[in-house]
2 protein chains.
Amino acid sequence: MIRTVMVVEDDDAIRMVLRTNLEDEGYRVLEATTAEQGLVIVQDEQPDVVLVDLRLPGIHGLDLVRSLRATSQVPIIIVTAQTDSHDVVAGLEAGADDYVTKPFVAKELMARIRTQLRRSAQPEESEEELVCGPIELHPDTAEVMRNGEPVPVSRIEFFVLAELIGAKGRVLSRDHLLRKVWGYGNAGDGRVVDNLIYRLRNKIEDDPANPELLLTVRGFGYRMKA
Amino acid sequence: MIRTVMVVEDDDAIRMVLRTNLEDEGYRVLEATTAEQGLVIVQDEQPDVVLVDLRLPGIHGLDLVRSLRATSQVPIIIVTAQTDSHDVVAGLEAGADDYVTKPFVAKELMARIRTQLRRSAQPEESEEELVCGPIELHPDTAEVMRNGEPVPVSRIEFFVLAELIGAKGRVLSRDHLLRKVWGYGNAGDGRVVDNLIYRLRNKIEDDPANPELLLTVRGFGYRMKA
DNA sequence: CCTACCTGCGACACACTTGCGACATACGCG
DNA sequence: CGCGTATGTCGCAAGTGTGTCGCAGGTAGG
């Protein structure tokens with residue numbers, strides 16, 4: 001069953017990132033850059049989830065939330081800058097169901113969308129097992145296990161590893177990882193990914209200099225052992 | 001199979017209307033006029049659905065929802081005045097499954113009850129116990145025991161602990177706790193959760209500086225030992 | 001009215017994270 | 001073999017997350 005996600009966001013770069021991420025997750029994506037547009041499209045298309053940027057040109061996103069809530073029970077997720085915390089409160093009181101602050105981790109946003117969909121409809125299948133050789137990821141506890149022993153990894157390291165293992169051995173480009181994990185805005189510096197891979201190897205490989213799990217594919221990116 | 005519906009409502013007229021409607025639909029009806037009464041009867045009779053008015057004398061319906069949710073998966077439907085939309089949001093976050101606003105259309109409410117019954121029909125599980133290592137929670141008495149000894153905890157501390165233990169080792173973000181325990185109003189300030197965790201640790205941990213039960217997951221939130 | 005506790009808040013300390021830059025090394029290609 | 005590019009390695013410093021604790025206003029109970 002194909003779900004539709006509506007994105008109301010005026011920033012082209014962010015909207016683009018959201019679109020690709022959502023399409024990768026298998027959603028149909030609708031886009032609007034203003035509150036007026038968004039309201040019309042929501043009523044026409046009845047999406048399953050709506051993402052709303054609070055900072056919109058013209059009518060504020062807050063009013064859009066209120067308008068939507070007046071006529072629909074569609075789950076609404078607010079996307080906003082971290083500084084506007086009081087707007088977030090107002091947004092939730094206006095009827096939004098959840099929120100994420102920029103800069104957000106795209107994977108997390110996807111997870112929240114799944115949560116909203118689960119609440120508003122039938123339960124979906126459980127998440128796939130994130131296992132690769134001796135490495136095991138537990139999304140519930142945000143823990144990484146190696147041969148049964150917990151390995152301390154940071155937040156971003158966790159998401160990168162999750163993305164790689166979830167790809168089941170396919171190569172992921174640096175761009176792909178930047179978009180999926182970092183989200184947006186960091187496209188300028190590619191070496192960030194290399195660095196993170198280096199650090200990850202030090203944590204999960206027996207011999208980090210000769211990786212056997214987290215492999216380099218020269219000219220393309222990285223992949224996990226099949 | 002006869003289903004039982006519990007009604008927690010202080011307004012005699014409304015309660016009467018609900019009773020007749022429900023009996024017409026073939027349900028057995030239990031009634032309570034206060035949250036305390038409701039809590040007791042729910043535990044004694046284990047109804048299949050609970051209707052809760054948010055405006056109750058004494059303990060607020062919201063707290064009743066939290067108490068119920070802490071020990072039971074019974075479907076909860078909130079009944080409230082249209083003006084208290086903020087409370088509805090908090091109620092859903094506290095664990096209610098649905099809501100209707102007064103004045104409600106009785107037929108619609110009956111339909112929603114059927115929906116809840118359909119959803120809860122299949123997965124009949126055993127009640128989860130709120131126990132984690134030496135810590136034991138008794139939702140009946142709002143008491144926390146540690147190695148059998150009672151530990152004085154405040155209201156909010158109790159709910160946070162209940163939420164954490166109920167999560168069975170899964171990580172709960174600060175946002176999650178804020179919304180589940182505090183409700184939507186306080187979404188702005190983050191350190192409140194850290195503080196409460198700190199105080200909880202001083203009460204339940206042997207060595208609060210090196211917690212073994214209430215663990216930090218840096219970048220994600222907190223979780224109980226598995 | 002008084003008291004004790006609860007609760008949110010802010011300030012500071014400390015550890016960890018993370019982006020970045022510099023240099024080293026490996027690989028591909030002519 | 002030699003050069004250019006891609007990637008590995010590693011240290012640094014600013015930024016961020018979290019622990020700790022005292023304070024003060026609020027609240028409930030005596």
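Below, read A as the first sequence line, B as the second, and so on, with proteins coming before strands; counting in each chain starts at 1. Treat the numbers as computed from the prediction; the structure is a model and nothing was measured.
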Divergence of helical axes at both termini of the helix from C/dC1-D/dG30 to C/dG30-D/dC1 - five pairs an end, 10° steps: 30°
Report the nucleotide, chosen from C/dT7, D/dT18, D/dC10, that has the shortest atom-to-atom distance to any side-chain atom of A/Asn195. D/dC10
Stretch residues 198-221 of chain A: residues that reach within less than 4.0 Å of DNA chain C through a heavy atom: A/Arg199, A/Arg218
Closest to the B/Val192 side chain: C/dT7, C/dC9, D/dT18? C/dC9
Take the protein atom CZ of B/Phe158 and the nucleotide atom C1' of C/dT7, then report the distance between them rounded to whole Å. 18 Å
Taking 4.0 Å as the cut-off, does a side-chain nitrogen or oxygen of B/Tyr222 come that near to OP1 or OP2 on D/dG17? no
Among the nucleotides D/dT18, D/dG8, C/dT7, whichever has the atom closest to the side chain of B/Ser154 is C/dT7
Those residues at least two apart in sequence (or on a different chain) that pass salt bridge (Lys or Arg N to Asp or Glu O under 4.0 Å) with A/Glu31 are A/Arg15, A/Arg19
Rounded distance (Å) that lies between atom P of C/dC6 and atom CZ of B/Phe159: 15 Å
Counting N and O atoms only, with roles assigned by atom type, does the side chain of B/Arg66 sit under 3.5 Å from a partner on the main chain of B/Ala94, one being a donor and the other an acceptor? no
Of A/Arg155 and B/Pro152, the one whose closest nucleotide on DNA chain C sits nearer the 5' end is B/Pro152
Can you check whether A/Val8's main-chain N or O pairs, donor with acceptor, with A/Asp53's side chain at less than 3.5 Å? no
Can you check the B/Glu157 CD to C/dT7 P distance for me, whole Å? 7 Å
Record whether the side chain of A/Arg191 comes under 3.5 Å of the base of D/dG8 through a donor-acceptor pair of N or O atoms. yes
Rounded off to whole Å, could you give me the CG-to-P distance for the B/Leu196 and D/dG19 pair? 12 Å
Pairing residues for B/Asn210 by the side-chain contact (heavy atoms from CB on, under 4.5 Å) criterion, not counting sequence neighbours: B/Asp207
Across all chains, not counting sequence neighbours, the salt bridge (Lys or Arg N to Asp or Glu O under 4.0 Å) partners of A/Glu157 are A/Lys203
Below 4.0 Å: OP1/OP2 of C/dT18 and any side-chain N or O of A/Trp182: no
Sequence neighbours left out, what passes side-chain contact (heavy atoms from CB on, under 4.5 Å) with A/Glu212? Give chain and number order. A/Glu205
Those residues that, when tested against B/Tyr198, pass ring pair (Phe, Tyr, Trp, His ring centres under 6.0 Å) (two or more places apart): none
Without decimals, in angstroms, what is the distance between B/Ile197 CD1 and D/dG19 P? 8 Å
Atom CD1 of A/Ile156 and atom C1' of D/dG15: how far apart are they, to the nearest Å? 13 Å
Could you tell me how far apart B/Leu172 (CG) and D/dT18 (P) are, to the nearest whole angstrom? 14 Å
Report yes if at least one side-chain N or O of B/Arg174 is closer than 4.0 Å to OP1 or OP2 of D/dG17; otherwise report no. no
So which heavy atom on B/Pro75 is nearest to which on B/Arg69, and how close? CA-NH2, 4.4 Å
Atom CG of A/Leu178 and atom P of C/dT18: how far apart are they, to the nearest Å? 14 Å
By side chain to side chain donor-acceptor pair (under 3.5 Å) - contacts of B/Asn195 (at least two apart): none
Between side-chain atoms of residues 217-226 of chain A and protein atoms elsewhere (two or more places apart, or another chain), which donor-acceptor pairs fall under 3.5 Å?
unit_1	atom_1	unit_2	atom_2	d
A/Tyr222	OH	A/Arg174	NH2	3.1
A/Tyr222	OH	A/Asp194	OD2	3.4

